[in-house]
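Each residue takes its place number in the sequence, starting with 1.
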Amino acid sequence: MSEPTANIKRIFNSQLGTGLAALLTCFALAMILWPIWSIVWKGIFASLAAQGLAAVAPEEGSKLLQVMVEGSFFWMVINPWIWQTLIMGNYGKTKFGEKQPIAGLWYVLVAWFFGIVAYVVLIGFIGIWWKPFSLGLMLMPKTAVDVAIAIEGWEAANFLALGVIVAQIPFASLLHKWPFAGTSKPLTEGLGTLALSTLVTYIFWLALVVPSFLHPTIEGHAITIQPFGSWPAFVAFCQAFVFFAILPAEGGEQYPMKLFAKKQPYMAIAGFLIALAAGFIIPPIVKSIVAPMNLIPGVPPDAIVASLELSVIVFMLIWHHLFEDYPSAQLVPGTAARVFTRIAIWVVGGSIYGVIWLKTFMLLPYGANNLGMGFPTMGFLAGQFALLMAVLMYNTFMDKWPWVRKEYLSSAANINLNH
């Protein structure tokens, strides 16, 4: 169904003013909510895994709790947002009314619930045969060996999120939910796209991600190699791919794929090939620039490249969701000039933000500063998702409340506010 008619009231009249206020709000939320989230889930997991934690050294136990807490965030926040907003169009968000913050808080609870269900189903299923994914072992290890296996299982399971980002998002951003779009009711379209894209994501994860973590051997000989030779290099490829895969939907106005096709699935094929080429071309170029800078001594250059690429993606999404793709068509009527202006803003702004992040993440609680409280942090790569998810959920779940208020003139069963 279409979004109900609403009167929009803004505290600030300008896009930039609203965006800045919303960004500061999201930064404050990330600073406050990550320590709370980490402390709560550390306590829950420490209780569940108490027997295994008692059997290992403190360093090993800390590693297990870290990947467990990260897993709770990946599975209950990152994955569900993509499924609910991009794939399902925020279906059911207004079940208890459009008024904020009630609608947004309700949908956060929905995200947590479906994230847990997805973890149990997708990981628990393969865990019937693959020991590292056994839910009993992952959640309640008993011995030192169990803990070591559980760490491997959690690390691999957590990065199904990478598959969701790389393989599932393009079904919305490039493919526009084809072939399900426009053929049935919104719920059916969403469920059809969710089922097909989840299958593709699951295959991507099993084929590329799982072998990178589990290192299977036969008679002492490794039988797999990591994609691109190392995990950081693979992630750098993925980040460059993702930037160009979401560009058409996040302010690019369907370009550059629209230059080559205007109907599906040809648009998606063009967009996929462009993103794939970027994945191979962009990381080596960025690496040649940043490697001599030695931004974080001792860290592989490919990991720094991946972090900087992610920073540009984060900046792009901030600009789309909070600053509403400034400049608008009213300010810059020409499509080419408008899109290129946005790209310049993303790349320049994201690069500056990326360098600042690498120099300051050690000070931030969602980066690497546990404030002396001992809660797990996420580091310079995964830590960026704390701010990013605050931005995405604040816009799509909370509608930038209270800086933007919507007074609805009619009701609807569901709305799609991801743009």
Using atom types as modelled and distance alone, determine if a side-chain donor or acceptor of Gln264 lies under 3.5 Å from a backbone N or O of Ala268.
-> yes

Residues 116-138 vs side-chain hydrogen bond (donor to acceptor under 3.5 Å, both in side chains), sequence neighbours excluded, gives none

With a 4.5 Å limit on heavy-atom distance, are the side chains of Phe397 and Asn90 in contact?
-> yes

Is a donor on one side and an acceptor on the other found under 3.5 Å between the side chain of Tyr255 and the backbone of Ala336?
-> no

pair Ile78-Val164: side-chain heavy atoms closer than 4.5 Å = no

Taking every non-hydrogen atom, the tightest pair across Val200 and Ala167 | CG1-CB, 4.3 Å

Examine distances only and state if a side-chain atom of Thr143 and a backbone atom of Asp146 form a donor-acceptor pair shorter than 3.5 Å.
-> yes

N/O donor-acceptor pair under 3.5 Å between Gln15 side chain and Phe323 backbone | yes

With Gln168 via side chain to side chain donor-acceptor pair (under 3.5 Å) - residues at least two apart | Trp83, Ser197, Thr198

Would one find more than 12 heavy atoms of other residues, nucleotides or ligands at under 6.0 Å from atom OH of Tyr202?
-> yes

Between the side chain of Trp319 and the main-chain N/O of Val314, is any donor-acceptor distance below 3.5 Å?
-> no

Counting N and O atoms only, with roles assigned by atom type, does the side chain of Trp81 sit under 3.5 Å from a partner on the main chain of Ala111, one being a donor and the other an acceptor?
-> no

So which heavy atom on Thr25 is nearest to which on Ala21, and how close?
-> OG1-O, 2.8 Å

Spell out, as yes or no, whether a donor-acceptor pair under 3.5 Å connects the side chain of Ser230 to the backbone of Gln226.
-> no

How many angstroms lie between CG in Leu308 and CD1 in Ile352, if you round to the nearest 0.5 Å?
-> 12.0 Å

Phe272-Phe241 aromatic ring centre distance below 6.0 Å | yes

Would you check if Ser173 and Glu250 make a side-chain contact, meaning some heavy-atom pair closer than 4.5 Å?
-> no

Interatomic distance, Phe204 atom CZ to Ile165 atom CD1 [nearest 0.5 angstrom] = 10.0 Å

Lys359 and Ile296: CA distance, side-chain angles, deciding distance, side chain to side chain contact (heavy atoms under 4.5 Å, CB included) verdict = CA-CA 8 Å; Lys359 295 300 184 181; Ile296 304 181; over 6 Å; no

Phe361 and Trp357 aromatic ring geometry - parallel, tilted or perpendicular at 30°/60° bounds | tilted

Go through the steps for Met257 and Met267 under the test side chain to side chain contact (heavy atoms under 4.5 Å, CB included), then give the verdict.
-> CA-CA 6 Å; Met257 65 182 184; Met267 287 180 70; 3.6 Å; yes

Nearest heavy-atom contact between Asp325 and Gly251 is OD1-CA, 3.5 Å

Just wondering, are more than 12 heavy atoms of other shown residues or ligands nearer than 6.0 Å to CG in Leu331?
-> yes

For atom CD1 of Ile225, decide whether the heavy atoms of other residues, nucleotides or ligands shown that lie under 6.0 angstrom number more than 12.
-> no

The complete set of side-chain hydrogen bond (donor to acceptor under 3.5 Å, both in side chains) pairs with one or both residues in residues 151-166, sequence neighbours excluded, reads Lys63-Glu155

Under 4.5 Å between any side-chain heavy atoms of Lys93 and Thr85, yes or no?
-> no

Should the pair Lys258-Glu253 be classified as a salt bridge under the 4.0 Å nitrogen-to-oxygen rule?
-> no

From OH (Tyr91) to CG (Leu187), nearest 0.5 Å = 4.5 Å

Checking ring pair (Phe, Tyr, Trp, His ring centres under 6.0 Å) for the pair Phe73/Trp34: CA distance, chi angles, key distance, verdict?
-> CA-CA 9 Å; Phe73 181 73; Trp34 175 254; 5.6 Å; yes

Answer whether the closest heavy-atom distance between the side chains of Cys238 and Leu162 falls below 4.5 Å.
-> yes

Heavy-atom pair with the smallest gap, counting every atom of Lys177 and Gly89 = NZ-N, 4.1 Å

How about Val286 and Ile304: do any of their side-chain heavy atoms sit closer than 4.5 Å?
-> no

Donor-acceptor contact present, side-chain Arg10 to main-chain Val404, <3.5 Å | no

Could you list all the ring-ring contact (aromatic ring centres under 6.0 Å, His included) pairs where at least one residue sits in residues 275-295, not counting sequence neighbours?
-> Phe228-Phe280, Phe237-Phe280

Val210 side chain reached by Thr224 side chain, heavy atoms, under 4.5 Å | no

Provide the full list of side-chain hydrogen bond (donor to acceptor under 3.5 Å, both in side chains) pairs with a residue in residues 36-54, sequence neighbours left out, each pair given once.
-> Trp37-Ser72

Stepwise side chain to side chain contact (heavy atoms under 4.5 Å, CB included) test for Trp75 and Leu160 = CA-CA 9 Å; Trp75 280 96; Leu160 187 134; 4.0 Å; yes

For Pro35 and Ile32, work out which heavy atoms get closest and say how close.
-> CD-O, 3.3 Å

Distance col, row Ile246:CD1 vs Leu86:CG, nearest 0.5 angstrom, shows 9.0 Å

Option passing ring pair (Phe, Tyr, Trp, His ring centres under 6.0 Å) with Trp205 (candidates Phe133, Phe159, Phe213) = Phe133

Phe315 side chain near Ile345 side chain, heavy-atom distance below 4.5 Å | yes

Thr377 side chain to Asn370 backbone, donor-acceptor under 3.5 Å = no

If you look only at distance, which donor and acceptor atoms sit under 3.5 Å apart when one is on a side chain in residues 384-394 and the other is two or more places apart or in another chain?
unit_1, atom_1, unit_2, atom_2, d
Gln384, OE1, Ser311, OG, 3.0
Gln384, NE2, Ser307, O, 3.1
Gln384, NE2, Ser307, OG, 3.3
Gln384, NE2, Ser311, OG, 3.2
Tyr394, OH, Lys400, O, 3.4
Tyr394, OH, Trp401, O, 2.6
Tyr394, OH, Trp403, NE1, 3.4

In Å, rounded to the nearest 0.5 Å, how long is the span from CD1 of Ile274 to CD1 of Ile269?
-> 12.0 Å

Provide the closest heavy-atom pair for Ala150 versus Leu64 in the form atom of the first, atom of the second, distance.
-> CB-CD1, 4.0 Å

Spacing of Leu194 atom CG and Ile82 atom CD1 [to the nearest 0.5 Å] = 11.5 Å

So, the side chain of Arg338 versus the backbone of Pro333: is there a donor-acceptor pair under 3.5 Å, distance only?
-> yes

Yes or no on side chain to side chain contact (heavy atoms under 4.5 Å, CB included) for Ile282 and Phe244, after CA distance, side-chain angles and deciding distance?
-> CA-CA 11 Å; Ile282 300 299; Phe244 281 88; 4.2 Å; yes

